[in-house]
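Report on the structure given below.
From a predicted model like this one, the values you see are computed outputs, not experimental measurements.
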Amino acid sequence: MSRAPQPRGGSQRHPVPVSLSTQRILSVSPRSAAHRLVDDDAVLTGLGYQTVLARRMGPFGNFAISFSVISILSGCMTLYSFGLNTGGPAVIMWGWVGVGLMVLLLGMSLAEVTSAYPTSGGLYYMAHRLGGPRWAWVTGWLNLLGLLGAIAGIDYGAATFVGAFSNLQWGFTPTPEKTMMIFAGILLLHALLNVAGVRLVSLLNSVSVWWHLVGVAVIVGVLILASADHQSANFVFTTFNNDTGFSNGLYVTAIGLLLAQYTFCGYDASSHLSEETTQAQISAPRGIVRSIWVSWIAGFILLAGLTFSIQDYAGTRSSATGVPPAQIFLDVVGHSGAKALLLIVIVAQLFCGNAETAAASRMVFAFSRDGAVPFAATWRHVSTRTKTPVAAVWLSVGVALLLAAPSLYSPTAYAAVTAINVIGITPAYAIPVYLRLRAGDHFKPGPWNLGRWSKPIGWTAVTWVGVVTVLFCLPQVSPITASSFNYAGVALIVVLTLAWILWITQGRRNYRIPALGNTATHASLAEDVV
């Protein structure tokens, strides 16, 4: 069993995250790796759980998983076509700057709450301690279905890029059936890598950071140094393009911001891996914030490099490859160069999907540990050899495969399903932040906190999430038909309805989180460390 042997307290609210003696432990500079393990385990015990996952991830690895999930070489590349049609270069570039700032504020606020509650449950555990079980239930299901939708979206996007590369290399025609087979193969790869253990996952995420950063440098460097003509700064930062069918420029600009907002998802992975991270109350919040600002800077450089290198705007938008960045590569560096740059992007997307699988499986494990998922006893099982929730990994990729199945028949239906990703995760980020603000001085911050800036930054972040959630649900193309309708709002209603049905049928009976741990235990541990 994964819980500490404490009485259950599912119906109680506990705004105090850990005891003062546990805070004493965290204030001490540990003298050895063993002491670091004692510190983290004591904090987790204070939150009600025993350690069953292996703490084999350091601070860099924790940052790396969120950075890999954000994956600018996945999000920016996949959504670049959307940006070209919905506002064009000006909205792509300035939207990235503005949205990145708002996401950084949201990430800082979420990091503060993560420092107080470093558990694999992440957002829903925070919501429970600060708001109670119903808040936690809604947050958890939004977060969980968003994470599973993200695996589907990331790995299916990677499959389309593999299809584009295969088209250039071998004349492969990427039909829906063939793309689905590639997608299933990618899911299988990610499942096998994740069940091998968190040490391998951490290593791959560390490699992923450098692959992304060096990859962006190589792509932008090659595009800039190529002999092809380049666009002017005036074109890149002021050109507005509207192919949505709507006439209102302000409306088009607003929905064009979604390129950046779609990309900046998944940084809660640092929280979900906190039970496998050393010095989690510091490492996890730092991982969240660092992953955002590094992605913000690197993403701006990547988008600028692509946009300066557009040779034919109309031809790029309607590329035969189906991937506008691939057309830019072809126009600038030719057939062989384009294939090489596409390989850089594909490998980055594979890193991204692998990291997202790790984050989603830990959420499945944690939610099952607290009785919130059907057949919970199966999904919360941890391998005695690898200390990894193997069943949760296979469930995560299995659900992702089912979510992508509609793509065999209708791209619109698949888009509706994968909308669960952003429409679920983004509101889920704001709920713990809102509840922390509502708690006021009753909230006891962890060692990483915003101090007096907590409230202004928090309220700004919550307001932004409210605005962007509305944007997610607005029509993106006119005229509005069955094939062009934005199903994100429908997806949100479906998720909330599903959560409500599960709550009344099993959640209110089975879902509990444990009571906070014994402070006397923490005091003795603190004395040992000192």
Side-chain angles (χ1 to χ4, degrees), residues 9 11-20 23 43 46-47 66 98-119 121-143 146 261 264-268 270-272 274 280-282 284-289 291-293 422-472 492 496 499 513 516:
S11 62
Q12 300 175 7
R13 291 175 56 184
H14 299 280
V16 181
V18 290
S19 67
L20 292 177
Q23 297 290 347
V43 172
L47 296 173
S66 284
V99 171
L101 175 60
M102 291 295 102
V103 172
L104 181 61
L105 297 179
L106 176 59
M108 292 169 67
S109 296
L110 187 62
E112 181 178 54
V113 189
T114 297
S115 182
Y117 305 107
T119 72
L123 309 181
Y124 87 84
Y125 182 91
M126 305 172 197
H128 191 125
R129 290 301 186 199
L130 295 168
R134 285 186 175 84
W135 280 104
W137 186 263
V138 172
T139 304
W141 278 103
L142 285 172
N143 191 201
Q261 188 64 53
F264 280 114
C265 279
Y267 45 86
D268 58 314
S270 290
S271 177
H272 293 301
S274 59
Q281 286 195 296
I282 295 293
R286 283 180 177 172
I288 291 172
V289 176
S291 68
I292 294 172
W293 69 257
V422 290
I423 204 66
I425 282 183
T426 305
Y429 288 161
I431 292 174
V433 176
Y434 164 73
L435 293 174
R436 177 263 175 274
L437 293 168
R438 192 182 71 166
D441 294 338
H442 293 290
F443 172 76
K444 303 302 180 184
W448 195 102
N449 61 80
L450 298 172
R452 61 190 179 91
W453 291 100
S454 180
K455 291 182 180 179
I457 290 176
W459 283 116
T460 302
V462 169
T463 301
W464 168 251
V465 171
V467 170
V468 81
T469 300
V470 173
L471 294 182
F472 279 139
L492 178 60
L496 293 175
I513 67 171
L516 296 176

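In terms of modelled atom types and a separation under 3.5 Å, the side chain of Trp137 and the main chain of Ala499 share a donor-acceptor contact. Remark: the backbone N or O of Tyr267 is not paired with any side-chain donor or acceptor of Ser291 at under 3.5 angstrom.
Residues Leu110 and Leu123 are in side-chain contact: their nearest non-hydrogen atoms beyond the backbone lie under 4.5 Å apart. Between Met102 and Thr460, some side-chain heavy-atom pair lies under the 4.5 Å cut-off. In this structure the side chain of Leu47 reaches within 4.5 angstrom of the side chain of Pro118, judged on heavy atoms. Taking the side chain as every heavy atom from C-beta outward, Val468 and Val99 never approach each other to under 4.5 Å. Under the 4.5 Å side-chain criterion, counting only non-hydrogen atoms from C-beta, Trp459 is in contact with Tyr434. Using a 4.5 Å cut-off on side-chain heavy atoms (C-beta onward), Trp453 and Glu112 make no contact. With a 4.5 Å cut-off on side-chain heavy atoms, Thr139 and Met126 do not count as touching. Side chains of Leu450 and Met108 form a contact here, defined as non-hydrogen atoms less than 4.5 Å apart.
Asn143 CG to Tyr124 OH: the interatomic distance, rounded to the nearest 0.5 Å, is 10.0 Å. Between the OG atom of Ser66 and the NE2 atom of His272 there is a distance of 9.0 Å, given to the nearest 0.5 Å. Put simply, CZ on Phe264 and OH on Tyr429 are 12.0 Å apart, with the number rounded to the nearest 0.5 Å. Note that CZ of Phe472 is 4.0 Å distant from OG1 of Thr426, once rounded to the nearest 0.5 Å.
Scanning both residues, Ser109 and Ile457, for their nearest heavy atoms gives OG-CG2, 3.4 Å. The shortest non-hydrogen separation linking Thr114 to Ala284 is CG2-CB, 3.9 Å. In terms of heavy atoms, Val465 sits closest to Thr469 at O-OG1, 2.7 Å. Contact record, Leu106 with Ala461: CA-CB, 3.5 Å, taken as the closest heavy-atom pair. Listed here is the closest heavy atom pair of Pro432 and Val113: O-CG2, 4.2 Å. Contact detail for Ile431 and Ala127: the closest heavy-atom pair is CG2-CB, 4.3 Å.
Each of Pro285, Ser274, Ser271 was compared with Ser115 under the side-chain contact (heavy atoms from CB on, under 4.5 Å) criterion, and only Pro285 meets it.
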(request) Test Leu492 against Leu142 for side chain to side chain contact (heavy atoms under 4.5 Å, CB included), laying out the working first. (result) CA-CA 8 Å; Leu492 178 60; Leu142 285 172; 4.0 Å; yes

(message) For Tyr117 and His128: C-alpha separation, side-chain torsions, deciding distance, then whether side chain to side chain contact (heavy atoms under 4.5 Å, CB included) applies.
(response) CA-CA 11 Å; Tyr117 305 107; His128 191 125; over 6 Å; no

(request) Run the numbers on Leu104 and Val289 for side chain to side chain contact (heavy atoms under 4.5 Å, CB included), then give the verdict. (result) CA-CA 7 Å; Leu104 181 61; Val289 176; 4.1 Å; yes

(request) Give the intermediate values and the outcome of side chain to side chain contact (heavy atoms under 4.5 Å, CB included) for residues Arg438 and Leu130. (result) CA-CA 9 Å; Arg438 192 182 71 166; Leu130 295 168; over 6 Å; no

